[in-house]
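So that the names make sense, note that chain A is the first sequence line, chain B the second, and so on, each numbered from 1. Worth saying up front: this structure is predicted, and the values here are computed from it rather than measured.
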Amino acid sequence: MVFSSVLFLFRFLPFFFIVYFLIPGRGKNVILFLGSLLFYAWGEPVYILLMLFSTLVDYVNGRLIGKFQGRSLAKVFLVLSVVINLFILCFFKYADFLIQTVNGLTGAGLPHLNLPLPIGISFYTFQTMSYTIDVYRGKAKMQRNILDFGVYVTMFPQLIAGPIVKYSDVERELHGRRVTIIGISHGTKRFVTGLAKKALLANMIGELWADISAMEFSGMSVLTSWIGVLAFAFQIYFDFSGYSDMAIGLGEIMGFHFPENFNYPYIASSVTDFWRRWHISLGSWFREYVYIPLGGNRKGLSRQLLNILAVWMLTGIWHGAGWNFLLWGLWFAFLLMMEKLFLGKVLSRLPGAIGMLYNALAVLLGWVLFALDTPAGIGGYLAAMFGFGGKLADSQGLYLLGEYFVLLVIAAVAATPLPGLLTKGLERAETGWGIALYRLGEKVIPALLLLLSIAVIVDGSFNPFLYFRF
Amino acid sequence: MGEKKNAFFTTAVIAAIILIFTAADLCRGDRLYSETENRLLAARPKASGETVFSGKFAEDYEAYVTDQFVSRDKWIGIKTRMDILLQKKEINGVYLAEDGYLIEQHLPEDYSEILAAKKTALLLELVREWDAAVMLVPTADNILTDKMPANAPCYDQAALLEQIAAQVGDRNYVDVYGSLKAHAQEDIYYRSDHHWTSLGAYYGYLAWAENRGETPYAYRTNAMTVVSEDFLGTLHSKTNLDRAGDTIRYFEGTEKRPVTVTYDFNRVTDTFYERSYLDTKNQYGFFLDDNHAFIQIDTSYRNGKTLFVIKDSYANSMVPLLTPHYERIYVVDLRYYNGRLSTLMKQMKPEGGMDVLVLYNCIHFLEEFEYM
């Protein structure tokens, strides 16, 4: 089930929350657990067993690691937990990709498994690994209550598209949560904002990318190709950050505090900065469980560069079993290494706008690798962007620009902190009308955004789920 | 305290919106068909072990609740208004053109040269065997070019027609394009529907007469009879915008002498025009009783000549204009006729032979024309 659907908004959501708030105390976790299973089983009736298996394995391993804390057996169970998780992930996500690669290289002709990818598997395996590793490191206490642990793994708000919530982030809240009307209203507003980002911005501008990516790339004008990649950049940002907002909001309504996942990535002043702002929970997971254990920046420059390469190759391939995702990761690894070596120093001496422009360019080129999955597609599209295909501008490009100009401007403004700053400014305004405007907006805007989002969702002409490969 | 009150208010408003529409949606009945979208809506799927485990049930159920959601048409209307606010000129395959025109979009990539070549080859076969006259009518996007949004993509029917004309030859090719283009500033297409008006059909008729060497009947374009002023056609349905209705007119001259119209070999009437449609959404059905597989028209012009028309719905408003030229007119619509066309034609052909006319708009020609 996805959040931006009639089924979620008008069936699951109201009934879940009515029951959740009616059931007192510890019963809430039972409801949350059962509700989450229903939520997941709706789209993945078979793979729910896999998720429960993964839950059980890590619960048991967690208990054993806790029991043998400080002894070498603890390490055995940690390794067991990590190996099982990675095996599940690799088997369901990468097996066909490996088979295809082996076949391509050797002509072995191995048959494909053709397993559909279990939705959210990359999120929940990473979450459960964070648990066993943190228990081993003594950063988190072992969870004795299997229900509380089950809630952590299966919790529907972040189950299918993140953020990746580390166990230590919510350890205390699994046991007891403080629910206040301020928190509920904050979470509600956050959910509606996320829904609006998904329905009103991502879906509406995603249609433009869907149109352009379906066109013939040879002969495509420079204008059309840049509008296209810009549309994709906005689509994936508002879609993904919208999902995160919805997850964080739903969590907050129940008293959970999930980590932030996005921080205006498109205003970053360098690629290093971009990755501190984009999919923060994945970045910090890799930092904590891969980059730093590999030595981070403590073992000299060449080792650090190697670590960057390793982490961003993994980051790339995490987004999907395909060479284009690996290439996407390598592109950023290359730029990050350049920034470590000299580019970062150069950029810091130049005006901020140059850094932002450089980052925007790097990220946009990256999205071409991310969004198109054949070498011919990527090559053709890049050729069009740099004018090797067609004219600088043609009537097609001008038409699309006209059709989407207003939306592109709105999206560009919405991707900056300006709307947030304006809101804060009005809230703190000394003048009477500033406050009045804020009060009015606070009452009207969430309702308006919700109604408009419902209209787009019911219209339903374009409402894709982008994370089916994650 | 103020902050808590505000928080409560916000939560209550959002919860109320969700709960009210949930309740309303649970109370509504299912619809079979959407008139505005012109399609069957998804029905409640039946759950079985197999469909549940494959996830098909979930998928179908999701389509069902979305299609049947309470006030679906109104929500789509809101989406359309958002698009207009965002200055979009194309909505659901319809261009919002100048002077209140809605014009159907035909994208170049949807009509391949292979398709055009295939249909042209079939057409040539028919022309060779029957010496058929060919009337292919361009759609509004190719004629009302100055009303179209700037740079709007549009399948080039002039190029298609040029190729077809060259192969069919001047003797059999009726230049409707030129005739309509010369009158592009007049009301030759409906503003809310994809059809040409009776006036447009009249200019088509003039082109036909010129090509056939017939003297056109003196239909009075300045004294056409108005039968409806509130026609909201197919393009209105696709966009669902508030628009003034179109006017439907017809030429009384077409029924100056008695006619007998026989639909599908069984229903016989004495008129081309069915007023009952004017009370429905499908007012264009006024012409020739909407769509029929086969129509036989017997006129009171005793000249012994017979015409066989192979056509789409564009022809419905033009066929009556041909009355004074023929004693009998057969009309076949291949979307509804299931038999073999060539067999039917041989069967219907009188001893003295018959004229054959292919009358389609360019798009329907590519999509629907068959000859076997």
Geometric class of the [Y]/[X] ring pair [parallel <30°, tilted 30-60°, perpendicular >60°]:
X	Y	answer
A:Phe39	A:Phe3	tilted
A:Phe156	A:Phe16	perpendicular
B:Tyr111	B:Tyr155	tilted

Measure [X] against the heavy atoms of chain A and call it side chain, backbone, both or neither at under 4.5 Å.
X	answer
B:Leu19	side chain
B:Glu90	both
B:Phe9	side chain
B:Phe69	side chain
B:Ala152	both
B:Gln87	both
B:Val13	side chain

Give, as side chain, backbone, both or neither, the part of [X] having an atom under 4.5 angstrom from any heavy atom of chain B.
X	value
A:Ser395	both
A:Leu400	neither
A:Phe8	neither
A:Met204	side chain
A:Phe191	neither
A:Val456	both
A:Leu452	both
A:Lys443	both
A:Leu450	side chain

Any idea which of [options] has the most non-hydrogen atom pairs under 4.5 angstrom with chain B?
options	value
A:Ala214, A:Gly397, A:Gly460, A:Ser185	A:Ser185
A:Leu398, A:Ile457, A:Ile253	A:Leu398
A:Val46, A:Ile454, A:Leu9	A:Ile454
A:Ile410, A:Ile181, A:Val406, A:Thr188	A:Ile181
A:Ala41, A:Gly402, A:Pro446	A:Pro446

- [ ] Decide if atom CD1 of B:Ile17 counts as having more than 12 heavy atoms of other residues, nucleotides or ligands within a radius under 6.0 Å.
- [x]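 Counting other residues, nucleotides and ligands, CD1 of B:Ile17 exceeds 12 neighbours.
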
Do you know which of [options] has the most heavy-atom pairs with chain A at a distance under 4.5 angstrom?
options	result
B:Thr80, B:Thr66, B:Asp83	B:Thr66
B:Ile18, B:Thr10, B:Asp67	B:Ile18
B:Asn151, B:Ile76, B:Thr22	B:Asn151

Task: Ring-ring centroid check B:Trp196 B:Tyr190, cutoff 6.0 Å - done: no

- [ ] Check whether the ring centres of B:Phe231 and B:Tyr284 lie less than 6.0 Å apart, and answer yes or no.
- [x] no

Task: Backbone of B:Gln157 reached by a side-chain donor or acceptor of B:Asn142 within 3.5 Å - done: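 Present.
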
Open item on the list: For A:Lys189, is there any backbone N or O sitting under 3.5 Å from a side-chain donor or acceptor partner on A:Thr193?
Closed with: yes

Open item on the list: On the six-membered ring of B:Tyr64, is B:Arg44 placed so that its NZ or CZ lies under 6.0 angstrom from the centre and within 45° of the ring axis?
Closed with: no

4.5 Å side-chain heavy-atom contact, [X] and [Y]:
X	Y	value
A:Tyr47	A:Pro116	yes
B:Arg335	B:Ser313	yes
B:Val94	B:Glu104	no

TODO: From the options A:Trp226, A:Tyr381, A:Phe234, select the one residue that forms a ring pair (Phe, Tyr, Trp, His ring centres under 6.0 Å) with A:Trp209.
DONE: A:Tyr381

- [ ] Check the side chains of A:Asn203 and A:Gln235 for a donor-acceptor pair under 3.5 angstrom, ignoring hydrogens and angles.
- [x] no

